[in-house]
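Everything on this sheet refers to the single structure shown next.
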Amino acid sequence: MRKVFDELTSAFRKHSGVLREEQYRHIAVKYTTLLEDSDTIFLLLQASGYPIEQDVQGRYLLKTFFTPYREQRYCVIDIETNGSKPGTSQVIEIGAVMVEKGEVVDRLETFVECAFLPEYITKITGIEPTDLAGAPTRRAALTQLRQFMGDAVFVAHNANFDYSFLTASFERFGLGGIGNPKLCTIDLARRTFESERYGLAYLIDFLKIDTATHHRAYSDAVCAAKVMEKSFKNLPEYVRTTDDLLQFSVSSRKERGQKNKNL
């Protein structure tokens with residue numbers, strides 16, 4: 001599905017956020033199997049969190065292209081794991097906050113059942129094996145997160161790690177890939193304020209963010225949400241929609257300069 005997500009997003013951006021039915025089907029049919037037609041793929045896209053919808057005229061719309069970034073729902077996520085590779089490791093804690101219009105409107109916090117917890121992970125996180133005994137199973141916890149995310153923008157500090165680890169975990173348990181647009185608060189911070197370093201621990205101190213603990217999922221998710229909100233205060237005028245924000249967060253200095261010239 002990753003190819004579908006990427007190619008559709010590219011096509012939507014090329015066509016001002018709207019695709020005619022034949023344009024959508026042209027892309028979807030490339031990935032059709034005997035069990036999936038383009039209509040089924042549409043349902044799978046929505047189930048995966050990809051922000052696509054159909055209007056009364058039958059056209060397909062990319063919701064983030066039209067949503068003002070301040071009105072967008074952002075699911076800010078942090079996970080703790082018992083190793084770095086999803087093939088041999090697993091999620092042991094999930095923390096997430098849903099942010100909309102600058103306010104936390106929902107939250108998710110859970111340990112995840114795990115039979116093996118290396119001592120060095122306990123030293124880093126403070127999580128003990130007893131914390132994980134009797135916790136929700138991986139399938140239950142990941143299903144809860146999948147439902148919590150909906151089609152919100154997936155936000156994390158160093159988002160590539162959380163996104164790829166959770167994608168692999170979801171796929172392992174038959175929950176499909178993650179189609180939610182991705183926003184990394186490191187990338188966003190680098191483009192909105194000057195700092196010697198951009199690791200979360202450093203930014204917590206640099207930006208004077210109040211936090212109870214570090215290297216715990218929920219606390220780090222809250223801090224990443226605060227980094228995002230502080231970054232929003234320094235966005236250029238041309239960033240108006242969620243898609244503008246997503247493109248800005250990975251833009252080059254040259255691209256940003258050209259955008260400012262065109263204001």
Exercise. Before giving the answer on side-chain hydrogen bond (donor to acceptor under 3.5 Å, both in side chains), spell out for Thr242 and Thr64 the whole-Å C-alpha distance, their side-chain angles and the decisive distance to 0.1 Å.
Key: CA-CA 5 Å; Thr242 305; Thr64 49; over 6 Å; no
Would you please indicate yes or no on a ring centroid separation below 6.0 angstrom for [Y] and [X]?
X	Y	value
Tyr163	Phe154	yes
Tyr60	Phe42	yes
Phe248	Tyr69	no

Within the 4.5 Å heavy-atom criterion, are [X] and [Y] side-chain neighbours or not?
X	Y	result
Glu71	Glu100	no
Gln247	Glu255	no
Met1	Leu45	yes
Leu19	Phe12	yes
Pro51	Phe65	no
His157	Cys184	no
Asn260	Tyr238	yes
Ile204	Val227	no

Atom pair [atom1]/[atom2] of [X] and [Y] - distance to nearest 0.5 Å:
X	Y	atom1	atom2	value
Lys230	Lys208	NZ	NZ	9.0 Å
Leu183	Cys75	CG	SG	12.0 Å
Arg146	Leu142	CZ	CG	10.5 Å
Glu194	Asn234	CD	CG	10.5 Å
Ser169	Gln90	OG	CD	8.5 Å
Phe66	Gln72	CZ	CD	13.5 Å

Quiz prompt | Leu245 and Leu235: CA distance, side-chain angles, deciding distance, side-chain contact (heavy atoms from CB on, under 4.5 Å) verdict | solution = CA-CA 8 Å; Leu245 173 67; Leu235 290 174; 3.9 Å; yes
Exercise. In sequence, state the C-alpha distance, the side-chain angles, and the governing distance for Thr241 and Asp244, and then conclude on side-chain hydrogen bond (donor to acceptor under 3.5 Å, both in side chains).
Key: CA-CA 5 Å; Thr241 69; Asp244 290 338; 3.3 Å; yes
Self-check item: Arg70 to Phe232 six-membered ring, cation-pi geometry met (6.0 Å, 45°)
Solution: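 Because its charged atom misses either the 6.0 Å distance or the 45° angle limit, Arg70 does not stack over Phe232.
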Quiz item: Could you go step by step and tell me if Glu80 and Val91 meet the side-chain contact (heavy atoms from CB on, under 4.5 Å) rule?
Solution: CA-CA 6 Å; Glu80 300 298 341; Val91 176; over 6 Å; no
Between [X] and [Y] (side chain of the first, backbone of the second, donor and acceptor by atom type, cut-off under 3.5 Å), is there such a pair?
X	Y	answer
Asn180	Gly150	yes
Ser10	Asp6	no
Ser195	Tyr198	no
Glu113	Gly134	no
Arg197	Tyr202	no

For residues [X] and [Y], report the shortest heavy-atom separation together with the two atoms involved.
X	Y	value
Ile27	Ala11	CD1-CB, 3.5 Å
Val97	Val222	CG1-CG2, 3.9 Å
Gly83	Ser89	CA-OG, 3.1 Å
Pro181	Ala152	CD-O, 4.3 Å
Ile94	Ala141	CD1-O, 4.0 Å
Ala221	Ile77	CB-C, 4.2 Å

Quiz item: For Arg2, does the CZ atom have more than 12 heavy-atom neighbours from other residues, nucleotides or ligands under 6.0 Å away?
Solution: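 For Arg2, atom CZ is crowded (more than 12 foreign heavy atoms under 6.0 Å).
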Practice problem: Using side chain to side chain contact (heavy atoms under 4.5 Å, CB included) as the criterion, point out the one residue from Val29, Val18, Ile41 that pairs with Tyr24. | Solution: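 Passing option: Ile41.
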Under a 4.5 Å side-chain heavy-atom rule over Ile, Leu, Val, Met, Phe, Trp and Tyr, are [X] and [Y] clustered together?
X	Y	value
Phe111	Ile121	yes
Ile178	Val153	no
Leu145	Val76	no
Val105	Tyr218	no
Val239	Met228	yes

Practice problem: For the pair Leu132 and Val112, evaluate side-chain contact (heavy atoms from CB on, under 4.5 Å) and give the outcome as yes or no after the intermediate values. | Solution: CA-CA 6 Å; Leu132 308 181; Val112 183; 5.9 Å; no
Quiz item: Would you call Arg107-Glu109 a salt bridge at under 4.0 Å N-O?
Solution: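 Here Arg107 pairs with Glu109 in a salt bridge, since their nearest N and O are under 4.0 Å apart.
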Self-check item: Residues Glu22 and Arg20 bridged, charged N to O under 4.0 Å
Solution: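 Between Arg20 and Glu22 there is a salt bridge, with a charged N closer than 4.0 Å to a carboxylate O.
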Practice problem: If the plane angle is over 60° it's perpendicular, under 30° parallel, otherwise tilted; pick one for Phe161 and Phe165. | Solution: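 Tilted: the ring planes of Phe161 and Phe165 meet at 30° to 60°.
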Exercise. Assess whether salt bridge (charged side-chain N to carboxylate O under 4.0 Å, His left out) is satisfied between Glu21 and Arg25, documenting all intermediate values.
Key: CA-CA 6 Å; Glu21 186 171 356; Arg25 290 186 182 277; 2.9 Å; yes
Exercise. Kindly state each residue pair satisfying salt bridge (Lys or Arg N to Asp or Glu O under 4.0 Å) with at least one member in residues 44-55, sequence neighbours excluded.
Key: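 Checked against salt bridge (Lys or Arg N to Asp or Glu O under 4.0 Å) - neighbours excluded - the pairs reaching residues 44-55 are Asp55-Arg59.
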Quiz item: Could you go step by step and tell me if Lys63 and Ile52 meet the side-chain contact (heavy atoms from CB on, under 4.5 Å) rule?
Solution: CA-CA 6 Å; Lys63 291 162 67 175; Ile52 189 172; over 6 Å; no
Exercise. Test salt bridge (charged side-chain N to carboxylate O under 4.0 Å, His left out) on Asp220 and Arg216 and set out the steps.
Key: CA-CA 6 Å; Asp220 284 359; Arg216 289 296 303 273; over 6 Å; no
